[in-house]
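As structure tokens, the structure follows; a few thoughts come after it.
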2 protein chains.
Amino acid sequence: MTSDQTPAQRLPTLEDVAQVAGVSRATVSRVINNIRNVDPQLHKVVWDAVTATGYVPNRAARSLVTGRTGAIALVVSEAENRAADDPFLGRFFSDPFFGRVVGGVLSVLRPSGVHLALVLAGDEDACAKVVSDVRQGQVDGVVVLSLHPHDPLPRMLADAAVPAVLYGRPAAPMPISYVDVATYQGAKLAADHLVARGCQHVATISGSVDMPAGVDRLNGFREAMAKQGVAYVPSYDGGFTQEGGERAMERLLAEHPEVDGVFVASDVMAQGAMMVLRDHGKTVPDDVAVIGFDDSSAALSSRPPLTTVRQPVEDMAAEMARLLLTRIDSRANRTTSVIFDPDLVLRASA
Amino acid sequence: MTSDQTPAQRLPTLEDVAQVAGVSRATVSRVINNIRNVDPQLHKVVWDAVTATGYVPNRAARSLVTGRTGAIALVVSEAENRAADDPFLGRFFSDPFFGRVVGGVLSVLRPSGVHLALVLAGDEDACAKVVSDVRQGQVDGVVVLSLHPHDPLPRMLADAAVPAVLYGRPAAPMPISYVDVATYQGAKLAADHLVARGCQHVATISGSVDMPAGVDRLNGFREAMAKQGVAYVPSYDGGFTQEGGERAMERLLAEHPEVDGVFVASDVMAQGAMMVLRDHGKTVPDDVAVIGFDDSSAALSSRPPLTTVRQPVEDMAAEMARLLLTRIDSRANRTTSVIFDPDLVLRASA
DNA sequence: TCGGGAGCGGAGAGCGCTCTCCCTTTGTGC
DNA sequence: GCACAAAGGGAGAGCGCTCTCCGCTCCCGA
């Protein structure tokens, strides 16, 4: 089975293109990679030959010599002990957030021809594997969705000085790139809006306070309310889950029945909170105004549609990809972070 | 900068392992790939050398010679014209379904070391690119989430006779592998349950009737009801969206106020339908029993929790991956399909 | 006119791996 | 004791590409 017998099977190589163009492999390579000056006339001849042959570079061959794979990994890390009946996959992937990140990352990767590989890191061993994967050149770098404050992965990546970008500031300061949203600013938007609305008794349902997002949203809101002259804001921990939001709202209503405005640190919790409000015969926003955080799909599907602090997830994800590609390209080991401004999206709930 | 000066930089190669084990590259390769008989004693020596050196095969080099990439793509295909203000990414990726599929596929891929690359195909050009990608060996095969009945991608893949597995039966018969759920059987579970509950006036909210899932769920339900002696079942098209489910329920209530049982062809539509029922002062399940389809996260977060026909998404996705790997491995061009049995998950809504 | 430098293109050496040959060794049957 | 088979292991040829040398050609200034 020689190449002559099965011309349709064999893909064109640089050599083929070179032959058609009447130049050497090296020249074709230079044209393909836009490297050094090639005579414009020759340049065109080569391109014509490329299109004529339908040539596409062989990734593997290129990787072999450059030492780059042209692929990055999206790592979803939840290194924590879990009950066997509470499988990781179902829980996290059911969250729309994941898909939005993928979309944002891909929008940057696609034009540059870089592949996005999906990797799950469910425990510390898996994290170690991620680090060794990028050191062994399985992928050129990683963008990380780290779901828990005690996740060891960010630290491991920072220590290994491997190209990596996190979504969200790491729980502890460390030399690693990340993108994040200006949480304090977002919490301030919510606080100012509730006050402007005339809410007299404002409370908040916070996320897990061991997570940076949880702490910042709580403190940012309290600080902004203080600036508005409200020294005390009752707060209840909803743990970033819908059920947690429900429980927190129950407690809030029990202990502060006069509440007329709530800042909830995530849309999902807000959804739960609004269900409880309805169960208690309270109307939103007339009896109680509710503001969420994230602008996830939950904000739109809730009743009434949720006024919320928008986190530009797709933009942030795209920036992660850009930061990572730059880092890989420069080969320098420098960390960069980008903070995005949040918006207040006005819907019906406040 | 020779290898001696930067030992930490250079990764161990087959050659290094061979040297440590005192054998040839070929033998190490045989051991690594479990090929031909190698003397068990030597086998052990080689493995020891592998662990001692920390050797990991170089993907690119292997790909180059085998012609396989060790990667498959998960293609999300929505080849249809879209309004610019209704971006594809946001809409589909916000659906938890996507993540569940990813999880299922990865559970199979991870043990075999195959990478999963994410690819979006938003228009026909992108579909063509997918086909050429796999023909050009960018990936070894594809698993496809095709979102629209008129998506050209399945046909293109079938015509190209490329390794591919679809999630869900294609809209038109064609030689391509797929996994699916036994829809008729699922619809029958719902019908029988509603009848057993004593519902006298049963209706259904269908999905888009130009999609196989839409048609089958509708026809399967009607057929099962007919077997139960109910010749006529009013149906309204909800188009598989929450808003569509709301509108369909409004119409249903207007035209058949006596309805006391509804089979809704997706959980998301059911969620909308139940909101409308509540708005109309109907309680679920006492006034109207509601059964959904999919067992998505919407079924759990709705009020009350939704009784629904469970589609084992993770299992089906895992089977997709298995079918694809088998197909790639055998190099034979044979299509296989696997149909999964649905379950009725009893919750509060019926 | 000539030297030198810049610009452009070619030759060729691998990158790390698999796989086909082929040689060596050992086992087996007569 | 010998022919032959079978099986284990080694040598070496590439897979398709990039990239470093190196040489050629041209142009410019002295």
Side-chain angles (χ1 to χ4, degrees), chain A residues 1-3 6 9-47 49-50 53-70 113 136-138 140 329 331, chain B residues 1-3 6 9-47 49-50 53-70 113 136-138 140 329 331:
Chain A
M1 196 191 285
T2 72
S3 58
T6 55
Q9 294 284 30
R10 215 177 63 81
L11 296 167
T13 71
L14 260 198
E15 191 72 55
D16 299 326
V17 179
Q19 205 151 13
V20 171
V23 297
S24 74
R25 260 193 347 267
T27 302
V28 180
S29 177
R30 279 194 277 266
V31 170
I32 297 280
N33 297 295
N34 252 324
I35 211 127
R36 278 213 342 213
N37 280 341
V38 174
D39 185 280
Q41 212 165 335
L42 240 193
H43 196 278
K44 188 190 172 325
V45 171
V46 170
W47 267 121
V50 167
T53 53
Y55 171 75
V56 173
N58 178 313
R59 258 187 135 70
R62 180 178 279 177
S63 283
L64 189 57
V65 52
T66 59
R68 301 269 189 78
T69 64
Q136 285 157 9
Q138 302 285 341
D140 296 335
D329 227 46
R331 290 173 190 270
Chain B
M1 196 191 284
T2 71
S3 58
T6 55
Q9 295 286 30
R10 215 178 62 82
L11 296 167
T13 71
L14 260 198
E15 192 71 54
D16 299 326
V17 178
Q19 206 151 13
V20 170
V23 297
S24 73
R25 261 196 343 270
T27 303
V28 180
S29 177
R30 280 194 275 266
V31 170
I32 298 280
N33 296 295
N34 252 324
I35 213 133
R36 278 218 335 218
N37 282 341
V38 174
D39 184 279
Q41 213 165 334
L42 239 192
H43 195 277
K44 189 189 173 324
V45 170
V46 170
W47 267 120
V50 166
T53 53
Y55 171 75
V56 173
N58 178 312
R59 258 187 135 70
R62 180 178 279 177
S63 284
L64 189 55
V65 51
T66 59
R68 301 270 186 78
T69 64
Q136 286 158 9
Q138 303 284 341
D140 296 334
D329 227 45
R331 290 173 189 271

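Predicted, not measured: the structure shown is a model, and the values here were computed from it. Chain naming here is simple, since letters A, B, ... match the order of the sequence lines and numbering starts at 1 in each. Side chains included, hydrogens not; waters and symmetry mates left out as well; all remaining heavy atoms used.
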Could I get the full list of side-chain hydrogen bond (donor to acceptor under 3.5 Å, both in side chains) partners for B:Ser24, not counting sequence neighbours? B:Thr27

With heavy atoms under 4.0 Å as the rule, sort B:Ile35 into base, sugar-phosphate or nothing. nothing

Partner residues of B:Asp329 under the side-chain contact (heavy atoms from CB on, under 4.5 Å) criterion, sequence neighbours left out: B:Arg68

Which residues in residues 13-26 of chain B have at least one heavy atom lying under 4.0 Å from any atom of DNA chain C? B:Thr13, B:Leu14, B:Arg25, B:Ala26

Which whole-number value in Å describes the distance from B:Leu42 CG to C:dT26 P? 13 Å

List for me each residue that meets salt bridge (charged side-chain N to carboxylate O under 4.0 Å, His left out) alongside A:Arg25, sequence neighbours excluded, and say none if there are none. A:Glu15

Excluding sequence neighbours, so at least two apart, what forms side-chain hydrogen bond (donor to acceptor under 3.5 Å, both in side chains) with A:Asn33? A:Ser29, A:Arg62

Quick check on the helix from C:dT1-D:dA30 to C:dC30-D:dG1: what's the angle between its two end axes, five base pairs per end, to the nearest 10°? 40°

With sequence neighbours left out, what residues match A:Val20 under side-chain contact (heavy atoms from CB on, under 4.5 Å)? A:Ala49, A:Thr53

Could I get the full list of side-chain contact (heavy atoms from CB on, under 4.5 Å) partners for B:Val50, not counting sequence neighbours? B:Val17, B:Ile32, B:Val46, B:Trp47, B:Tyr55

Under the rule for salt bridge (charged side-chain N to carboxylate O under 4.0 Å, His left out), what residues qualify as partners of A:Arg30, not counting sequence neighbours? none

Bounds of contact between DNA chain D and chain B, in 5' to 3' order, using a heavy-atom cut-off under 4.0 Å: D:dG8 to D:dG16

The side-chain hydrogen bond (donor to acceptor under 3.5 Å, both in side chains) partners of B:Thr69 (sequence neighbours excluded) come to B:Asp140

Closest non-hydrogen atom pair between A:His43 and A:Asn34, with its separation: NE2-OD1, 4.1 Å

Hits for side-chain contact (heavy atoms from CB on, under 4.5 Å) against B:Arg59, two or more places apart or cross-chain, chain-then-number order -> A:Gln138, B:His115

